[in-house]
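Quick notes on the structure that follows.
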Amino acid sequence: MSHGPSHGEVNCDPNLTPMLDLVMQLLMYFIICVNFVAEEVPQEVSLPPSQGARPIDKSEGDVLFLNLDSGGNLIVFGQKPWNLNDLSAVTDVKYWLDKRATEAKKDDNGNCRTSIIIRADKSSDYALVYKLMQLCKEKKFNRFKLRANIVG
Amino acid sequence: MLNITPMLDLTFQLLFFFIVNYHPSALEGQMDMALPVHSENKAQTPDQVQEINPATMQELPADLTVLLKTQNGGEQTGMITQIIVRDRAGDTNITVDDKFEALEKYLAKAKEGLTNKEDIKIEGDSRLKWYYIVKVMDVCKKAGFKIGFGPPPDLG
């Protein structure tokens with residue numbers, strides 16, 4: 001008894017090679033594009049578009065992300081949100097910034113080289129963003145970056 | 001013949017995982033800002049934190065200040081309703097419909113007569129949305145200025 005294809009029979013196995021090629025290419029694309037959370041950036045902050053924003057310099061040393069949402073909440077990784085409209089919360093922010101500045105100076109022989117990265121929501125009030133900058137400035141942070149979505 | 005069915009199963013599962021976790025987001029960029037250093041504070045507890053005195057804060061030595069006004073209540077709250085450029089000679093109101101284009105032209109022209117051709121200060125009303133401040137920053141950057149910020153004029 002013969003089990004193999006005999007002369008005159010048509011082999012109907014589909015050719016999977018082109019499909020495999022395509023699937024592998026799609027897989028490669030998604031692997032490359034996947035962006036796991038690497039920075040302390042909450043999704044609820046919608047950044048404003050900007051034509052003047054430059055690509056991020058990844059070689060920055062110590063950075064401190066300050067996220068400000070549209071409700072005036074300051075969101076910092078590992079801390080509960082502070083509402084900058086609330087005076088007692090502002091005092092807590094000052095104290096926390098003070099501690100961060102002291103730690104940064106201790107690590108770097110009295111210099112505060114920590115870069116403050118402000119990610120403010122496009123619907124934030126200017127008064128709150130300005131207040132946040134002033135708080136940082138008061139605590140001797142002098143390296144600032146603003147984040148925005150690159151357009152154009 | 002090589003049995004590729006298990007590999008195909010695995011490949012499709014991987015593909016499904018990456019498709020589900022794919023959240024394309026806008027490319028994030030950054031803008032530099034120049035702020036002067038302030039005197040040191042050494043609070044150890046929240047009680048020792050001192051209030052900021054705006055009068056003692058240093059300002060950027062800018063010859064030009066862009067004042068951005070918004071409505072306090074009403075339909076246009078948070079949007080720019082008036083742009084004023086302040087220099088040593090006085091205030092200039094940017095009144096043209098396309099305010100941003102007009103501002104860019106004005107700044108390019110005004111820059112020629114300035115002593116400090118590098119710095120500019122932006123002061124927005126307290127309720128002005130950050131979106132519009134960034135738009136004006138773009139215009140100032142295009143005109144070749146380094147940007148600083150001033151306190152909201154409507155807060156005194």
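Letters A, B, ... mirror the listed sequences (proteins, then strands); counts begin at 1.
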Are the side chain of B:D138 and the backbone of A:S50 linked by a donor-acceptor contact shorter than 3.5 Å?
no

At what distance, to the nearest 0.5 angstrom, does CG of A:L27 lie from CZ of B:F18?
6.5 Å

Just jot down the side chain to side chain donor-acceptor pair (under 3.5 Å) partners of B:R86, sequence neighbours excluded, or say none.
B:D91

Nearest heavy-atom pair of A:L146 and B:M137: which atoms, and what distance?
CD1-CE, 3.5 Å

Heavy atoms only: give me the nearest B:L8-A:L20 pair and the separation to one decimal.
CD2-CD2, 3.9 Å

Is the number of heavy atoms from other residues, nucleotides or ligands under 6.0 Å of B:Y131 OH greater than 12?
no

Within a 6.0 Å radius of atom CE on A:M19, are there more than 12 heavy atoms belonging to other residues, nucleotides or ligands?
yes

In Å and rounded to the nearest 0.5 Å, what is the CZ to NZ distance from A:R54 to B:K141?
6.0 Å

Measure across B:P152 and A:A127 and return the closest heavy-atom pair with its distance rounded to 0.1 Å.
CG-CA, 4.0 Å

Under 4.5 Å between any side-chain heavy atoms of B:F12 and A:V23, yes or no?
yes

Where do B:M31 and A:A148 come nearest, in terms of heavy atoms and distance?
CE-CB, 3.7 Å

hydrophobic_cluster_shared for A:L135 and A:F141, side chain cutoff 4.5 Å:
yes

With under 30° as parallel and over 60° as perpendicular, where do the rings of B:F149 and A:Y126 fit, or are they tilted in between?
tilted

Which bit of B:L14 comes within less than 4.5 Å of chain A, counting heavy atoms only: side chain, backbone, both or neither?
both

Region of B:K135 in contact with chain A, defined by heavy-atom distances below 4.5 Å
neither

Within 6.0 Å of NZ in B:K105, more than 12 heavy atoms from elsewhere:
no

Okay, B:I4 and chain A: the region with an atom under 4.5 Å from a heavy atom over there is side chain

Can you name the closest pair of heavy atoms from B:L15 and A:F30 and give their distance?
CD1-CD1, 4.0 Å

Pick one of side chain, backbone, both or neither for A:L68, based on which atoms fall under 4.5 Å of a heavy atom in chain B.
neither

Are A:W96 and A:L128 connected in a single hydrophobic cluster, I mean Ile/Leu/Val/Met/Phe/Trp/Tyr linked by side-chain heavy atoms less than 4.5 Å apart?
yes

Any side-chain heavy atom of B:E28 sitting closer than 4.5 Å to one from A:I150?
no

Check side-chain contact (heavy atoms from CB on, under 4.5 Å) between B:Q30 and all other residues, then give those that pass, not counting sequence neighbours.
A:I56, A:D57, A:E60, A:K145, A:R147

Rounded to the nearest 0.5 Å, what separation is found between the OG1 atom of B:T5 and the CG atom of A:L16?
8.0 Å

Answer with side chain, backbone, both or neither: which region of A:L26 has an atom nearer than 4.5 Å to a non-hydrogen atom of chain B?
both

